[in-house]
Amino acid sequence: HRYLEQAQRDLEHSLELKPDDIEAASAMMTVASAAGLGDDVMESYFQKTMAVNPLHRDAYMTKLNFAQPKWGGSWENLEAVIAEAEGKYAEFPLMIKVKRYGEWYMASRGKRYEGTWNSDATKWMMYESFKAQAAMNPEDPFIQADLASFSADLLRFDEAAAAMDAIGDR
């Protein structure tokens, strides 16, 4: 708990100095959830992040993770986060990653989502999303690594190698 308390103090101080620091607000989502500060506190930091950047993928991933029943959420909350992210896909294609991970979590519940998170259609959507994002952000090693992974899944080995070359990790 000591480290969570220190993180909370540091992040709150950061937000005092710069109230629109969405990275601090996004990180506070994790601290709030892990420290058991309550869903309302986590949601308030999510809303702070959304007010500045309504397409902040990491904030959605954090919300998705803590919406799982094993972390105190519910299947209904998890489905709601998936639907919300899916609704933003047209505006920000990388939201497909939130949808995919959500479907993967939901697959443990039963047949409804079984296979959807790992379907060929989802892989192609992931590939197209990361390809577009890599073109806009060629220096981002995380996007290049995800592009390499989905390129390889689709047997596009030349593109996978190029993405790994872009980050010097072939």
Side-chain angles (χ1 to χ4, degrees), residues 1-110 113 116-118 122-123 125-126 129-130 132-134 136-137 139-150 163 167 169:
H1 253 48
R2 183 180 81 178
Y3 295 115
L4 281 173
E5 290 168 0
Q6 182 64 50
Q8 182 178 355
R9 282 192 302 275
D10 290 348
L11 291 167
E12 286 174 347
H13 182 68
S14 176
L15 287 166
E16 286 172 14
L17 295 173
K18 189 176 176 192
D20 62 345
D21 182 354
I22 60 172
E23 297 311 321
S26 179
M28 269 304 295
M29 292 174 61
T30 300
V31 172
S33 294
L37 300 178
D39 290 342
D40 55 330
V41 174
M42 193 274 296
E43 183 64 25
S44 73
Y45 286 109
F46 178 76
Q47 292 304 325
K48 273 186 185 196
T49 304
M50 294 299 103
V52 177
N53 180 358
L55 301 174
H56 195 284
R57 184 182 53 109
D58 290 341
Y60 272 98
M61 288 299 293
T62 300
K63 187 173 182 176
L64 179 76
N65 286 330
F66 286 105
Q68 294 178 79
K70 71 179 180 180
W71 300 117
S74 68
W75 295 114
E76 293 77 21
N77 289 350
L78 193 56
E79 284 187 308
V81 176
I82 293 167
E84 188 175 345
E86 191 171 24
K88 299 197 180 222
Y89 174 76
E91 190 175 355
F92 186 52
L94 279 182
M95 289 304 234
I96 188 67
K97 190 169 187 177
V98 177
K99 179 182 181 296
R100 182 177 192 250
Y101 276 97
E103 289 175 346
W104 180 40
Y105 299 154
M106 291 296 289
S108 68
R109 183 177 188 207
Y113 287 94
T116 59
W117 67 275
N118 204 25
T122 299
K123 287 180 186 177
M125 289 175 75
M126 296 287 286
S129 297
F130 284 112
Q133 194 67 28
M136 292 186 286
N137 300 290
E139 308 282 319
D140 188 323
F142 299 107
I143 290 172
Q144 293 290 349
D146 281 334
L147 175 60
S149 174
F150 287 99
I167 58 174
D169 193 22

Distance-only donor-acceptor hits, side chain of residues 28-43, under 3.5 Å, sequence neighbours excluded:
{"residue": "S33", "atom": "OG", "partner": "M29", "partner atom": "O", "Å": "3.2"}
{"residue": "E43", "atom": "OE1", "partner": "K63", "partner atom": "NZ", "Å": "3.2"}
{"residue": "E43", "atom": "OE2", "partner": "Q47", "partner atom": "NE2", "Å": "2.6"}

Considering only distance and modelled atom types, tabulate donor-acceptor pairs under 3.5 Å from the side chains of residues 86-96, sequence neighbours left out.
{"residue": "K88", "atom": "NZ", "partner": "P54", "partner atom": "O", "Å": "3.2"}
{"residue": "K88", "atom": "NZ", "partner": "Y60", "partner atom": "OH", "Å": "3.4"}

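Put simply, the side chain of E103 never gets that close to the backbone of R100: no donor and acceptor are under 3.5 Å apart. Formation of a donor-acceptor pair under 3.5 Å by the S149 side chain with backbone atoms of A145 is not found in this model.
Not counting sequence neighbours, the partners of Q8 by the side chain to side chain donor-acceptor pair (under 3.5 Å) test are E12. The salt bridge (Lys or Arg N to Asp or Glu O under 4.0 Å) search around D146 returns K97, not counting sequence neighbours. In terms of the side chain to side chain donor-acceptor pair (under 3.5 Å) criterion, K48 has no residue partners (sequence neighbours excluded). In this structure D10 satisfies the side chain to side chain donor-acceptor pair (under 3.5 Å) test together with Q6, sequence neighbours excluded. In terms of the salt bridge (Lys or Arg N to Asp or Glu O under 4.0 Å) criterion, E5 has no residue partners (sequence neighbours excluded). For S44, the side chain to side chain donor-acceptor pair (under 3.5 Å) criterion is met by no residue, not counting sequence neighbours. Every residue two or more places apart in sequence or in another chain that forms a side-chain contact (heavy atoms from CB on, under 4.5 Å) with D21 is listed here: S14, L15, K18, E23, A24.
Taking OH of Y105 as the start and CG of L64 as the end, the distance is 5.5 Å to the nearest 0.5 Å. How far CZ of R57 is from OG of S26: 10.5 Å, rounded to the nearest 0.5 Å. Put simply, CG on D20 and CG on N53 are 11.5 Å apart, with the number rounded to the nearest 0.5 Å. Note that CG of L55 and CE of M50 are 7.5 Å apart. Values are rounded to the nearest 0.5 Å.
Pairs of residues two or more places apart, or lying in two chains, never qualify as ring pair (Phe, Tyr, Trp, His ring centres under 6.0 Å) while including a residue from residues 16-44.
The nearest pair of heavy atoms linking L11 to A27 is CD1-CB, 3.8 Å. Counting all heavy atoms, side chain and backbone alike, L147 lies closest to A134 at CD2-CB, 3.8 Å.
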